[in-house]
Amino acid sequence: TGAQIATAVIENGTKGIANYTFNGQSLLLVSVADSVKYIGRGAFYKCPMYMVNLPSSLKSIGDYAFYGCTYANFGGKYYDLVIPEGTEYIGRSAFYKCANILSVEVPGTVKSIGAFAFYGCTALSNVTLGTGLQSVGSQVFADTPLLASAQEMLILDGWLIQILDIGTKTKVTLPETVYGIANYAFSGQSKLEQVVAKGTKFLGAASFSNCEELYWVEFGNELLTIGDYAFNGCSSDLVTGNGTCKNLIGSDRRGSDLRGGNRPGNDNRAVQFFPVLRISQFLSGKPTGLSVDLIDQAVCPTNDQALRSQ
């Protein structure tokens, strides 16, 4: 700690860069060998470097890995950031306030992007997301030109990233090309009552949290995952205190319509089925005890019956 390092060479054979290895060092130039698979948490936190390469062997970029590396060029032409093919994880605040990044290309191998990953990248105006994504954190592109150019919501390559301003709208229908909803995407939309999201496969954590008037959500037959606390704080007309879901509509894998007569205003609403791969802490701040790897059909959790395994 405190040493002045102008150049660092990560030699061939090195598998990973440990957490906080160069934290706060006066590092200007970094060469990373193609054997490196893991860049740890805060590995280059607030380093003033102007050049660093991301190796082709990379699998994971840890939380805060390049946090505050304001001037960094990551080896791309004209400050373009190309995440290497084979990378699977981009951590929370990984490129927070890397102000020189002009564009980002995320390959199809990336499954998860953490919250605030590109927050404050004030030159970022172009993003390409690969088709392998299953989870996108909250505020990933906040305080970037991407939000300034959007209107009601920011949608990128099939992902609803963030709701910006839907005004007094009470119903939102997402394009069926939207297959992912980011964590906290609709959170706190107090006027929202109905949402139709028939193309959704991946529903993020707390995605509809604290939507106090929300009573009707409709999915199609594609839904695979429901994130933690997805409907925490929603109207009791959507989710009851004991965990029974009402007016939460989906179809099973065979595509049959399970809505029946369960429409807004019908007092004889039934619990709906979902083809989900994971239900975890579905409702509120306390765990429901549900966490499974594979479910053929699952009902929204109740006190006496939660799921029917394949």
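Just so it is clear, the model here is predicted, and its values are computed rather than measured.
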Asker: Checking ring pair (Phe, Tyr, Trp, His ring centres under 6.0 Å) for the pair Tyr67/Phe95: CA distance, chi angles, key distance, verdict?
Answerer: CA-CA 5 Å; Tyr67 182 108; Phe95 297 93; over 10 Å; no
Asker: Would you be so kind as to tabulate the donor-acceptor pairs closer than 3.5 Å made by side chains of residues 113-128, with sequence neighbours excluded?
Answerer:
none

Asker: Give a yes-or-no answer on whether the side chains of Ser187 and Ser209 include a donor-acceptor pair shorter than 3.5 Å.
Answerer: yes
Asker: Using side chain to side chain contact (heavy atoms under 4.5 Å, CB included), reason through Tyr50 and Asn73 one step at a time and then give a plain yes or no.
Answerer: CA-CA 6 Å; Tyr50 63 87; Asn73 182 342; over 6 Å; no
Asker: Say whether Leu54 and Ile17 are linked into one hydrophobic cluster, either directly or through other cluster members, by side-chain heavy-atom distances under 4.5 angstrom.
Answerer: yes
Asker: Answer with yes or no whether the hydrophobic clustering places Phe22 together with Val30; edges join I, L, V, M, F, W, Y residues whose side-chain heavy atoms lie under 4.5 Å apart.
Answerer: yes
Asker: Check whether Ile90 and Val52 end up in the same hydrophobic cluster, where Ile, Leu, Val, Met, Phe, Trp and Tyr are linked by side-chain heavy atoms less than 4.5 Å apart.
Answerer: yes
Asker: Dump the intermediate steps for side chain to side chain contact (heavy atoms under 4.5 Å, CB included) on Leu160 and Met153, then the final yes or no.
Answerer: CA-CA 7 Å; Leu160 172 62; Met153 59 188 75; 3.8 Å; yes
Asker: Check Gly62 against Ala94 and note the closest heavy-atom contact, atom names and distance.
Answerer: O-CB, 3.9 Å
Asker: Tell me whether the count of non-hydrogen atoms from other residues, nucleotides or ligands lying under 6.0 Å of OH in Tyr96 goes above 12.
Answerer: yes
Asker: Kindly compute the distance separating CG (Leu154) from CD (Gln162), expressed to the nearest 0.5 Å.
Answerer: 7.0 Å
Asker: Side chains of Tyr215 and Gln194: does their closest heavy-atom pair fall under 4.5 Å?
Answerer: yes
Asker: With a 4.5 Å heavy-atom cut-off, do Asn23 and Lys46 have their side chains touching?
Answerer: no
Asker: Pick from Tyr45, Phe74, Tyr71: which one makes a ring pair (Phe, Tyr, Trp, His ring centres under 6.0 Å) with Phe66?
Answerer: Phe74
Asker: Is Asp165 reaching over with its side chain to a backbone N or O of Glu152, donor-acceptor style, under 3.5 angstrom?
Answerer: no
Asker: Got a second to check how far Leu28's CG is from Ser26's OG, nearest 0.5 Å?
Answerer: 7.5 Å
Asker: Linking I/L/V/M/F/W/Y whenever their side-chain heavy atoms sit closer than 4.5 Å, directly or via other members, would Val136 and Tyr64 fall into one cluster?
Answerer: no
Asker: Run the side chain to side chain contact (heavy atoms under 4.5 Å, CB included) test on Thr70 and Asn100 for me, step by step, so that the C-alpha distance in whole Å, both residues' side-chain angles and the decisive distance to 0.1 Å come before the verdict.
Answerer: CA-CA 7 Å; Thr70 306; Asn100 274 355; over 6 Å; no
Asker: Checking side chain to side chain contact (heavy atoms under 4.5 Å, CB included) against Val196, which of Val217, Thr173, Val172 comes through?
Answerer: Thr173
Asker: Are any of the side-chain heavy atoms of Ile101 and Tyr79 separated by less than 4.5 Å?
Answerer: no
Asker: Answer yes or no: is there a donor N or O on one side and an acceptor on the other, between the side chain of Thr21 and the main chain of Ala43, under 3.5 Å?
Answerer: no
Asker: Give a yes or no on whether Tyr179 and Val110 share a hydrophobic cluster (residues Ile, Leu, Val, Met, Phe, Trp, Tyr; joining criterion: side-chain heavy atoms under 4.5 Å apart).
Answerer: yes
Asker: Which heavy atom in Cys211 sits nearest to a heavy atom in Gly188, and how many Å separate them?
Answerer: SG-N, 4.2 Å
Asker: Locate the shortest heavy-atom distance separating Asp80 from Ser103; write the atom from each residue and the value.
Answerer: OD1-OG, 2.8 Å
Asker: For the pair Asp34 (side chain) and Ser56 (backbone), establish whether a donor and an acceptor sit closer than 3.5 Å, ignoring hydrogens and angles.
Answerer: yes
Asker: For Phe208 and Val195, run side chain to side chain contact (heavy atoms under 4.5 Å, CB included): C-alpha distance rounded to whole Å, both residues' side-chain angles, the deciding distance at 0.1 Å, then the answer.
Answerer: CA-CA 10 Å; Phe208 291 99; Val195 173; 3.8 Å; yes
Asker: Would you confirm whether Thr144, through its side chain, and Leu146, through its main-chain N or O, come within 3.5 Å as a donor-acceptor pair?
Answerer: yes
Asker: Any heavy-atom pair between the side chains of Phe202 and Ile181 that's under 4.5 Å?
Answerer: no
Asker: Indicate yes or no: at least one non-hydrogen side-chain atom of Arg41 is less than 4.5 angstrom from one of Tyr20.
Answerer: yes
Asker: Can Glu222 and Lys198 be counted as an ion pair, charged N to O under 4.0 angstrom?
Answerer: no
Asker: Kindly give the heavy-atom pair with the smallest separation between Gly16 and Thr14, and that separation in Å.
Answerer: O-CG2, 3.4 Å
Asker: Taking the side chain as every heavy atom from C-beta outward, state whether Phe44 and Met49 have any atom pair closer than 4.5 Å.
Answerer: yes
Asker: Quick check: closest heavy atoms across Pro107 and Glu85, and the distance to 0.1 Å?
Answerer: CB-OE1, 3.3 Å
Asker: May I ask you to test the Leu133-Trp159 pair for a side-chain heavy-atom distance under 4.5 Å?
Answerer: yes
Asker: Measure the CD-CG distance between Gln189 and Leu214 for me, rounded to the nearest 0.5 Å.
Answerer: 10.5 Å
Asker: Would you give the length of the straight line joining atom CD of Glu218 to atom OG1 of Thr200, rounded to the nearest 0.5 angstrom?
Answerer: 11.0 Å
Asker: Is there a side-chain contact between Val140 and Asn183 (heavy atoms, below 4.5 Å)?
Answerer: no
Asker: Closer than 3.5 angstrom, by distance alone: can the side chain of Ser57 be matched with the main-chain N or O of Val36 as a donor-acceptor pair?
Answerer: yes
Asker: Quick one: NZ on Lys201 to CG on Leu224, what's the gap to the nearest 0.5 Å?
Answerer: 6.5 Å
Asker: Looking at Asp63 and Arg92, would you say the former's side chain and the latter's main chain have a donor-acceptor pair under 3.5 Å?
Answerer: yes
Asker: Over all heavy atoms of both residues, which pair between Ala142 and Leu147 is shortest? Give the atoms and the distance, please.
Answerer: CA-CD1, 3.5 Å
Asker: To the nearest 0.5 Å, tell me how far Thr87 OG1 sits from Leu58 CG.
Answerer: 4.0 Å
